[in-house]
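Notes to accompany the following structure.
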Amino acid sequence: MKVRYFAWMKRTVGVPEEDVAPPAEVATVGDLVVWLRHRSPGHAEALAEGAAFGAAVDQRTATFDVKLAGVREVAFFPPFTGG
Amino acid sequence: MKVRYFAWMKRTVGVPEEDVAPPAEVATVGDLVVWLRHRSPGHAEALAEGAAFGAAVDQRTATFDVKLAGVREVAFFPPFTGG
Amino acid sequence: MSVRVQEADFDVGAELSHLTDGNKRIGGLAVFVGLVREMHVREGYHRDRVDAMTLEHYPGMTERALEEIEAEARRRWPLEATLIVHRYGRLEAGDRIVLVAVGSPHREAAFEACEFLVDWLKTKAPFWKLEETPAGEKWVGAHVGDDAAAARWEKKS
Amino acid sequence: MSVRVQEADFDVGAELSHLTDGNKRIGGLAVFVGLVREMHVREGYHRDRVDAMTLEHYPGMTERALEEIEAEARRRWPLEATLIVHRYGRLEAGDRIVLVAVGSPHREAAFEACEFLVDWLKTKAPFWKLEETPAGEKWVGAHVGDDAAAARWEKKS
């Protein structure tokens, strides 16, 4: 599964994207957030509890209860500021 | 004093503008309307009582109670339909 | 801060570039372009197609009315740039009639002022439309919806 | 009915001409052009000038999000033509960021749909602004007013 980070989260994590293979018990986006925090201090900071960030699953905005089964790409990002 | 007509009123009156010299008792725009009706059947039709038309005095929209003293130009026209 | 009444067409891109050029305080530019719409009007049993129209105006008064409308918009909203270009004469379906553009630091003000200008110029600027239909010429009556649209901007006294 | 995400600038006049060309059912075209505004941000005791920014986006998701927003506008209003062009990359004060254009038979629908598109793309399309100030780079936080503006279009379920 590919995980992507955008804006300041990309800088904090230290990479724009990475391929990960979480264990089967990581079933939802929320589970993935908790699991990713252990990869590095940068991950822990970017994905900290209470931080204002959202997610997309296969390039569609998703809530943290969305299931990961069959998903190819998950992205994490701060609130949008375009336009 | 110059009197001007626009849109269908111009066609009905038969002229786009005319110079008139109403007597002193024609004191307001409303008085002028009544006085102009006697000039021709076209005037009478265009300026008929109850017809939906407005007026401008010296190129500013005016109500029929506006005084004519010192005025150079009065215009009559149907409701605006631009834009 | 400019008003023009002209027979010739206008170049929207050039007008907008000129309007905002060098003004770095503009964050949003709201624009309206009015076009001649091909219409079908019911006339007794017939439905006639309107292919063209002639827009008559009151030279002198028109410019003054547009300037007053523009000044009113500038009193109501914090605007950096405003432009009204209105054509007159014969226009065919698809032709541009009017351009209204408003630049402001914030998009809400730009949108509101642009709508205000369009609504007010329809009811307060001396233009009259004469439509050409296969059955002949026909003066357009005032549109009740336009009065309602303009009225929503009237201030309570 | 078109969405584009690009690094290059766009030509507003050419885009609008292309959008309405030949469609005689359009009576009103409402347009929004978003520009990079020169801003002053307070940073402790200093006021910094923002001269430029870099707009990051999420290729693939961005196009999809804009297409969904556009489709939603077309469900809500009777529109003849819609266009969204959004830039990314480095932009300086005065540069164009986004173009939103909506053509409809009637101006009310064009204005409403245009405002809707601008409000929604600010909160639902994956763009992030990184501002350059004399003190360094700074990610822009979400603007609370944008959420409120977008929320007014949410349908009651």
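Values below: every heavy atom of this structure, side chains too, minus hydrogens, waters and symmetry copies. Every chain is numbered from 1 and lettered A, B, ... according to where its sequence line falls, protein lines coming before strand lines.
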Produce the donor-acceptor pair table for chain C versus chain D, cut-off under 3.5 Å.
unit_1, atom_1, unit_2, atom_2, d
C/Lys24, O, D/Glu38, N, 2.8
C/Gly27, O, D/Leu35, N, 2.9
C/Leu29, N, D/Val33, O, 2.8
C/Leu29, O, D/Val33, N, 2.8
C/Val31, N, D/Val31, O, 2.8
C/Val31, O, D/Val31, N, 2.8
C/Val33, N, D/Leu29, O, 2.8
C/Val33, O, D/Leu29, N, 2.8
C/Leu35, N, D/Gly27, O, 2.9
C/Arg37, NE, D/Pro105, O, 3.3
C/Glu38, N, D/Lys24, O, 2.8
C/Pro105, O, D/Arg37, NE, 3.2
C/Arg107, NE, D/Asp119, OD1, 3.3
C/Arg107, NH1, D/Asp146, OD1, 3.0
C/Arg107, NH2, D/Asp119, OD1, 2.8
C/Arg107, NH2, D/Asp146, OD1, 3.3
C/Asp119, OD1, D/Arg107, NE, 3.3
C/Asp119, OD1, D/Arg107, NH2, 2.8
C/Asp146, OD1, D/Arg107, NH1, 3.0
C/Asp146, OD1, D/Arg107, NH2, 3.3

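- Your options are D/Ala30, D/Gly103, D/Pro105, and the one with the most heavy-atom pairs under 4.5 Å with chain C is D/Pro105.
- In terms of heavy-atom pairs under 4.5 Å with chain D, the best-connected choice from C/Gly13, C/Ala93, C/Gly94, C/Gly22 is C/Ala93.
- When D/Val36, D/Val12, D/Val118 are compared by the number of non-hydrogen pairs under 4.5 Å with chain C, D/Val118 comes out ahead.
- If you measure heavy-atom distances from C/Leu16 to chain D, the contacts under 4.5 Å come from the side chain alone.
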*When you look at D/Phe111 and C/Phe111, which way does the ring pair (Phe, Tyr, Trp, His ring centres under 6.0 Å) test go after all the steps?*
CA-CA 8 Å; D/Phe111 268 122; C/Phe111 269 121; 7.1 Å; no
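- Ranked by heavy-atom pairs shorter than 4.5 Å toward chain D, the options C/Gly34, C/Cys114, C/Ala149, C/Ala110 are led by C/Cys114.
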